[in-house]
Amino acid sequence: MKTTISVIKADIGSIGGHIRPSQRLIKRVAEYIEDEGRDIVYDFFVSHTGDDVAILFTHSHGVGSEAVHKLAWDAFVAGTAIAKEQGLYGAGQDLLKDAFSGNVKGMGPAVAEMEIEERPNEPFLFFAADKTDPGAYNLPLFLGFADPMYNSGLILSPNMEKGFTFHIMDVDYTEGDRLIELNTPEDLYDIAALLRDNERFVIESIYSRGTGEIAAVVSTTRLHNIAGKYTGKDDPVMLVRVQGAFPATGEVLAPFNIGHYVAGFMRGSHTGPLMPVKMNSPVSYFDGPPVVACMAFCVHKGKLTEPADAFDHPYWDYVRANVSRKATELRQQGFSGMAMLPYSELEYGGIVEKMKKLDPKFKIRGK
Ligand code: F6R
Ligand code: MG
Ligand code: MG
């Protein structure tokens, strides 16, 4: 049976700054889909990560379905009405257009979707991150799919011996989607050379070379295209199929114990370690640190199980303590050097004005 799994997420307003949406807002989004989506989707699940509300759908309409995208958009509009009523901060902030047209891509919300032929049992992981961008998934995906130091199945299981195909997007290119397909294991060094730059070369999807099936999809987009200018970090979602021809759940999760430094954090303009958090976690310290939640599901004939909260385990408390230490250490150097992002990645335009004002004050000595 063919099933499409779609996750569509947006920041439509939060309590106390950019901390988390209100319970009423989340309830309204879920109610809207319950009332209006019965004939459109098989099933759905609503959660939040930091200030972002994510709707996970299963349905039969394929990737990029207007009916499903409109349902998500309208649910976010309904949630925005509550955000306005409650005076939440940034009400409707990710709904960049006044009216829905065809597809939410480029209209503000982030989207990751895959159409799959359901296996008899179909486990998958849904990741949602806040205060960072899609490049945050580059390293964990590389390690989980291509490095036997993290994926023991690459040594132990015949299922993955043919490797995977990585589809990587050059997100700086604005004219269209500029993509490259590279294979593991033979192109490993080329993949690493690209993924080194999380702000430019970003994994869009991964396919099994053994079966040809899609394994992972990330909400990767051309950043500059959204509003004709750089609009900042776009709090990415991702779907990953696991087990069998794909890495085991624990192999995909393992690299998240690094708490690697990513772009985002306060004002989308800093470097911070990515903290694996429990489902429905807020952000806090310095509007962060960047967080990622992982909800594990099985889907059967389009029906979802309840989520298993993958980072809700004593092991990850230990990781969270280490990541807090990494965040604190880097924050001690404030704006200096790599603690803040390079000029081109700063989310706020104020610094551009500042530099313009300072420029004429420079004098060349001796002239
Ligand atoms: C980063 C983020 C926050 C805000 C910051 C200032 O993604 O959401 O760090 O950038 O709280 O918010 P504004 O500009 O809305 O006052
Ligand atoms: Mg926000
Ligand atoms: Mg956010």
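These figures come from a predicted structure and were not determined experimentally. The figures that follow rest on heavy atoms only: side chains count, while hydrogens, waters and symmetry mates do not. Atoms within a ligand are numbered from 1 in the order they appear, just like the ligands themselves.
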Heavy atoms from other residues, nucleotides or ligands near OH of Tyr318 exceed 12 (cutoff 6.0 Å): no
Contact (N/O only, under 3.5 Å) between Asp51 and ligand 1: no
Residues 68-82 side chain polar contacts: donor-acceptor under 3.5 Å, at least two apart:
unit_1, atom_1, unit_2, atom_2, d
His69, ND1, Asn103, OD1, 3.1
His69, ND1, Val104, N, 3.0
His69, NE2, Glu113, OE2, 3.1
Lys70, NZ, Asp74, OD2, 2.7
Thr80, OG1, Phe76, O, 2.7

Co-membership, hydrophobic cluster, residues Leu139 and Tyr261, 4.5 Å side-chain: no
Enclosure of Arg325 CZ (heavy-atom neighbours >12, cutoff 6.0 Å): yes
Proximal ligand 1 atoms for Gly268, defined as those under 4.0 Å from one of its heavy atoms: 1 (C)
Protein N/O/S atoms closer than 2.8 Å to the Mg ion (ligand 2): Asp11 OD2, His18 ND1, Asp51 OD2
Other residues, nucleotides, ligands: >12 heavy atoms within 6.0 Å of Tyr343 OH: yes
Ring geometry between Phe57 and Phe44 (parallel below 30°, tilted from 30 to 60°, perpendicular above 60°): tilted
Apart from Met279 itself, residues in the same hydrophobic cluster as defined by side-chain heavy atoms under 4.5 Å: Ile5, Val7, Phe45, Leu56, Met114, Ile116, Phe124, Phe126, Tyr207, Ile214, Val217, Val237, Leu239, Met295, Phe297, Val299, Leu304
Part of Met266 with heavy atoms under 4.0 Å of ligand 1, whether side chain, backbone, both or neither: both
Which of the ligand 1 atoms, numbered from 1, are nearer than 4.0 Å to a heavy atom of Phe265: 1 (C)
4.0 Å heavy-atom contact, Gly17 with ligand 1: no
Ligand 1 versus Tyr89: contacting region, heavy-atom distance under 4.0 Å: side chain
Side chains of Tyr89 and Asp51, donor plus acceptor under 3.5 Å: no
Could you list the donor-acceptor pairs under 3.5 angstrom formed between side-chain atoms of residues 32-39 and any protein atom two or more places apart in sequence or on another chain?
unit_1, atom_1, unit_2, atom_2, d
Glu34, OE2, Arg38, NH2, 3.4

